[in-house]
S.K.: 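Have a look at this one before I ask anything.
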Amino acid sequence: MLMKTPAFILDETQLLTNLNILADIRKKSGCKVLYAMKALPCSRVLEIAKPFVDGFAVSSLFEAQLAQEILNGQGEVHLTTPALIADELYELTTLCTHINFNSLTHHNRYAPIVETQAKMGLRVNPKLSFLTDERYNPCRQNSKLGIDIDTLWQSNCLELEQVSGLHFHTVFSATDFTPLLQTIDKLRRYFGNQLEKLQWLNFGGGYLFHSISDYQPFIDLVIELRRELKVEIYIELGKGIIGNAASIVASVIDVFESDGKTVAILDTSVNHNPEVFEYQRSPTVLEHDPKGRYNFILAGGTCLAGDIFGEYRFKQPLELGDKITFENVGAYTLIKAHRFNGHNFPDIYLQHASEKLELLKQYTYQDYQQQWSMTAQKI
Ligand SMILES: *Cc1c(COP(=O)(O)O)cnc(C)c1O
């Protein structure tokens, strides 16, 4: 099949490899695994993940609706969000099996509506910082994510058995279990045998299991907690499931000199991968060769001056039509992408384990027009 660019290519083999690692850990430890669908909610990804997971972790009404459409009652849907909205609450309780409140205010206010419909949990902020960039640190000063562990300790909430679970989520792209072990340690110090009154603990996401060589410490921890506290353990992974299972392929559409360096313009842009701009980081490029003789600035084709991927080296000079492959772009790319400048989204393909390339989605002018054309609505 002739593939047009820019193309977002899902790698089924890698996705299945990640899911099989988790299936193995699940079998050995007895933990439950959820896919955090905010990383990439493609229906095909959800369908592929479904047989390997216990359900989906969601953060809004739309995600909960999509999750139930795929699961059809055959799995759990866990909601965690600071954006619980009163008008949506009833519908959410029909879609979600578990709802984790982000604050005691929400818990006090909404528990009467939720308690007969879904299992209730609390997101706790354990006040242990493992991330240095404050923008991504859920345990930063004056955090809005979760109930301060000291406040929770004083609230008697667990003692009074007002909820059946505790949730925390404190790391991003972690490749060892030190943060998890420290967090559990702190929870046990604070709450001791009150934890036995719970039905479950949710460790959140943020761990890249496929990049961790020894997950025995995780398995041991889960087995110990399940035995001692008689609780279920959940993990809810996004990037650890889909992050390394997709790439974006772009074409070079122009090459020119600018102040002594050569710029190659691509038919993609940072708007297909906004975290490049947000974090000011350079994504991995397959064709990059650190020993290559030819240096190029890879830039996107929008009118934003900072729409730049970075400087890369190549064995041969880049020419019009050459392909550039950005790797490990499965998580938080397409879901954050937008059509600034009227540039379309990439076509979406699935590279099957059998090597076959299947076109899953092609956005058209009609999609763009539909987003922006407006007629008066009844309110
Ligand atoms: C984003 C998020 C996840 C998934 O995080 P990953 O880093 O993609 O694994 C899980 N739980 C919560 C509450 C989140 O906000």
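Start at 1 and go down the list; that is how both ligands and their atoms are numbered. If you read the sequence from its start, that first residue is 1, and numbering goes on from there.
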S.K.: What are the atoms of ligand 1, with element, lying closer than 4.0 Å to any heavy atom of G238?
M.R.: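 Result: 4 (C), 6 (P), 8 (O), 9 (O).
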S.K.: For atom 15 (O) of ligand 1, which protein heavy atom lies nearest, and how many Å away is it?
M.R.: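 Looking at atom 15 (O) of ligand 1, the protein heavy atom closest to it is K38 NZ, 2.9 Å.
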S.K.: Does ligand 1 have an atom under 4.0 Å from some heavy atom of A57?
M.R.: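 Judged by the 4.0 Å heavy-atom criterion, A57 does not count as contacting ligand 1.
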S.K.: Are H272 and F326 an aromatic pair by the rule of ring centers under 6.0 Å?
M.R.: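 Not close enough - the centres of the two rings lie 6.0 Å or further apart.
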S.K.: Could you list which atoms of ligand 1 come closer than 4.0 Å to a heavy atom of K239?
M.R.: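 Under 4.0 Å from K239, ligand 1 has these atoms: 6 (P), 8 (O), 9 (O).
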S.K.: For atom 11 (N) of ligand 1, grab the closest protein heavy atom and report residue, atom and distance to one decimal in Å.
M.R.: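 Scanning the protein heavy atoms, the shortest distance from atom 11 (N) of ligand 1 goes to E236 OE2, 2.8 Å.
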S.K.: Under 4.0 Å from a heavy atom of Y332: which atoms of ligand 1 are those, numbered in the order shown and with their elements?
M.R.: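 In order of numbering, the contacting atoms are 1 (C), 4 (C), 5 (O), 6 (P), 8 (O).
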S.K.: Before accepting this row, confirm whether a basic side-chain N of the pair D367/R339 lies closer than 4.0 Å to the acidic partner's carboxylate O.
M.R.: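 Salt bridge between D367 and R339, a charged N being under 4.0 Å from a carboxylate O: no.
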S.K.: To the closest 0.5 Å, what do you measure between OG (S29) and CD1 (I235)?
M.R.: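 Separation between the atoms: 7.5 Å.
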S.K.: With heavy atoms under 4.0 Å as the rule, classify the contact between H169 and ligand 1 as side chain, backbone, both or neither.
M.R.: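 Within the 4.0 Å criterion, H169 contacts ligand 1 through side-chain atoms alone.
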S.K.: Just checking, is any N or O donor in the side chain of Q369 or S373 under 3.5 Å from an acceptor N or O on the other one?
M.R.: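 Per modelled atom types, Q369 and S373 side chains form no pair under 3.5 Å.
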S.K.: Keeping R123 on the side-chain end and H169 on the backbone end, is there a donor-acceptor pair under 3.5 Å?
M.R.: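 Looks like yes, one N/O pair under 3.5 Å.
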S.K.: Select one of side chain, backbone, both or neither to describe which atoms of F172 lie under 4.0 Å from any atom of ligand 1, heavy atoms only.
M.R.: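 F172 to ligand 1: side-chain contact only, backbone stays beyond 4.0 Å.
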S.K.: What atoms of ligand 1 come within less than 4.0 Å of a heavy atom belonging to L237?
M.R.: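 Checking each atom against L237, I get 9 (O).
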S.K.: Check ligand 1 against H167 and write out every atom of the ligand that is under 4.0 Å from a heavy-atom position of the residue.
M.R.: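 Listed by number with element, the hits are 13 (C).
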S.K.: So, regarding G240 and ligand 1 (criterion: nitrogen or oxygen to nitrogen or oxygen, under 3.5 Å), is there a contact or not?
M.R.: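 No, since none of the N or O atoms of G240 sits under 3.5 Å from an N or O of ligand 1.
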S.K.: Treating N341 as the side-chain partner and H343 as the backbone partner, does any N or O pair qualify as donor plus acceptor under 3.5 Å?
M.R.: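 A pair under 3.5 Å: no.
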S.K.: Would you say the side-chain atoms of D289 pair up with the backbone N or O of F314, donor to acceptor, closer than 3.5 Å?
M.R.: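 Checked: no pair found.
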S.K.: At a non-hydrogen distance cut-off of under 4.0 Å, which region of A36 contacts ligand 1 (side chain, backbone, both, or neither)?
M.R.: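 Contact part for A36 vs ligand 1: side chain (C-beta onward).
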S.K.: For the residue pair Y349 and F8, is the inter-centroid distance of their aromatic rings smaller than 6.0 Å?
M.R.: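 They do not qualify: ring centres at least 6.0 Å apart.
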